Amino acid sequence: LLSKMESVDEKVLSIVWKFKNPWRVKKSVLEKYASGQGQSDQFAAFPIHTLMHFPLPSELAFKECIVHFPLSSLSILDNHGRLPIHVLLSSPNETLNTPSMVHFLYHPRSAVTRDPTTSLYPYEAEALLTAANDRRRSSFGSETLLNTVYELFRAEPARFLQTRGLVGCGDGSSSSSEETVKTAGAALIPRTSGQHTDFRPLNKQANIE
């Protein structure tokens with residue numbers, strides 16, 4: 001029946017993942033859905049980017065798809081200069097946009113690449129989501145979210161701080177490196193105000209421009 005369908009809708013996507021269908025069947029359904037949305041070319045060139053816009057039924061469904069695409073897909077820039085993690089962090093889809101998915105899409109390149117549409121590094125985008133979204137904090141817990149921010153930030157803290165003008169380039173000495181690490185740590189320490197945790201950096205200059 002699926003092979004005879006020229007296109008599929010959200011309901012079909014949900015049914016396919018409800019049962020234990022082989023990947024070849026699921027991939028075919030994804031391709032038909034992309035075709036129906038006029039996204040066949042995008043799905044072929046940027047499969048994970050495009051997948052972020054599909055109404056898959058669960059986080060596990062997204063993860064199953066991602067592991068079947070080449071690992072290099074995580075570090076490919078789309079036509080807008082964005083990586084999959086950038087698309088994820090700006091997605092309003094709460095089934096998709098979770099700390100677990102952020103970790104799942106993590107790639108060394110993604111941690112140090114700004115989203116050209118927001119000028120934010122992934123750790124900054126996650127920090128803003130954490131600070132602004134009460135439902136996200138209640139669903140996943142501040143500690144889990146802060147750990148996600150930290151894991152993204154620790155990829156190259158000196159580079160992030162230098163880019164934001166928080167520290168100089170240093171002279172390469174051990175004391176300079178130690179100072180950078182201290183500044184990095186201070187920038188990530190959350191402050192509690194009332195019932196909410198404030199994830200803004202302690203240094204006022206760290207506010208995103």
Side-chain angles (χ1 to χ4, degrees), residues 1-130 132-133 135-136 139-140 145 148 152 208:
L1 180 61
L2 288 173
S3 62
K4 296 180 180 179
M5 294 182 176
E6 293 185 2
S7 63
V8 300
D9 57 16
E10 182 177 347
K11 183 178 180 179
V12 174
L13 283 177
S14 180
I15 292 174
V16 168
W17 256 270
K18 185 177 181 180
F19 301 98
K20 294 182 178 180
N21 290 295
W23 170 245
R24 62 179 178 78
V25 172
K26 293 177 179 178
K27 183 180 180 183
S28 175
V29 169
L30 290 173
E31 290 171 342
K32 291 178 185 293
Y33 183 81
S35 176
Q37 300 298 310
Q39 296 180 315
S40 292
D41 291 341
Q42 293 96 314
F43 188 58
F46 313 110
I48 299 181
H49 294 77
T50 311
L51 190 69
M52 298 293 101
H53 299 289
F54 287 7
L56 291 178
S58 68
E59 182 180 309
L60 287 176
F62 280 106
K63 289 181 176 179
E64 181 185 357
C65 294
I66 291 168
V67 299
H68 280 91
F69 293 113
L71 184 61
S72 59
S73 299
L74 294 175
S75 60
I76 293 176
L77 297 173
D78 66 11
N79 293 330
H80 302 288
R82 306 180 85 197
L83 293 168
I85 199 169
H86 296 148
V87 179
L88 169 69
L89 286 168
S90 62
S91 173
N93 184 345
E94 295 184 354
T95 298
L96 172 67
N97 195 347
T98 68
S100 176
M101 281 295 296
V102 173
H103 284 284
F104 202 74
L105 290 185
Y106 175 84
H107 183 279
R109 182 181 186 183
S110 66
V112 296
T113 304
R114 289 190 192 186
D115 182 344
T117 65
T118 64
S119 296
L120 299 176
Y121 287 109
Y123 86 90
E124 293 175 321
E126 177 59 51
L128 286 175
L129 283 173
T130 297
N133 193 321
R135 183 172 179 178
R136 190 177 182 86
S139 296
F140 304 109
L145 295 170
T148 301
L152 292 168
I208 300 169

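All figures in this text were calculated on a predicted structure; none of them were measured in a lab. Counting begins at 1 with the first residue of the sequence.
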Donor-acceptor pairs are to be reported for all side-chain atoms of residues 36-49 against protein atoms at under 3.5 Å, with residues two or more places apart or in another chain.
{"residue": "His49", "atom": "NE2", "partner": "Ile76", "partner atom": "O", "Å": "3.1"}
{"residue": "His49", "atom": "NE2", "partner": "Arg82", "partner atom": "O", "Å": "2.7"}

Can you name the side-chain contact (heavy atoms from CB on, under 4.5 Å) partners of Thr95, sequence neighbours left out? Asn93

List the steps and the verdict of side chain to side chain contact (heavy atoms under 4.5 Å, CB included) for Lys32 and Val12. CA-CA 11 Å; Lys32 291 178 185 293; Val12 174; over 6 Å; no

Apply side-chain contact (heavy atoms from CB on, under 4.5 Å) to Leu60 and list each qualifying residue two or more places apart in sequence or on a separate chain. Ser58

Is any side-chain heavy atom of Leu56 closer than 4.5 Å to a side-chain heavy atom of Cys65? yes

With His103, which residues qualify under side chain to side chain donor-acceptor pair (under 3.5 Å), at least two apart? Thr148

For Ser14, what residues pass the side-chain contact (heavy atoms from CB on, under 4.5 Å) criterion, not counting sequence neighbours? Pro57

Hey, could you give me each pair passing salt bridge (Lys or Arg N to Asp or Glu O under 4.0 Å) that has a residue in residues 17-27? Not counting sequence neighbours. Lys26-Glu64

Backbone N or O of Leu88 within a donor-acceptor pair of the Asn97 side chain at under 3.5 Å? yes

Return the OG to CG distance between Ser35 and Leu30, rounded to the nearest 0.5 Å. 12.5 Å

Sidechain-backbone polar pair: His80 side chain, Asp115 backbone, donor-acceptor under 3.5 Å: no

Side chain to side chain contact (heavy atoms under 4.5 Å, CB included) between Ser91 and Met52, worked out: CA-CA 8 Å; Ser91 173; Met52 298 293 101; 5.8 Å; no

Minimal heavy-atom distance between Thr113 and Leu83, with the atoms involved, is CB-CD1, 3.7 Å

What residues, two or more places apart in sequence or in another chain, satisfy ring-ring contact (aromatic ring centres under 6.0 Å, His included) together with His68? Trp23

Test side chain to side chain contact (heavy atoms under 4.5 Å, CB included) on His86 and Thr117 and set out the steps. CA-CA 9 Å; His86 296 148; Thr117 65; over 6 Å; no

Go through the steps for Leu96 and Met101 under the test side chain to side chain contact (heavy atoms under 4.5 Å, CB included), then give the verdict. CA-CA 7 Å; Leu96 172 67; Met101 281 295 296; 3.5 Å; yes

Between Leu74 and Tyr106, the two heavy atoms sitting closest are CD1-O, 4.4 Å

So Glu126 and Leu89, do their side chains get closer than 4.5 Å, heavy atoms only? yes

What distance separates Ser73 OG from Leu105 CG, expressed to the nearest 0.5 Å? 11.0 Å

Hey, could you give me the CD1/OH distance between Ile85 and Tyr121, rounded to the nearest 0.5 Å? 14.0 Å

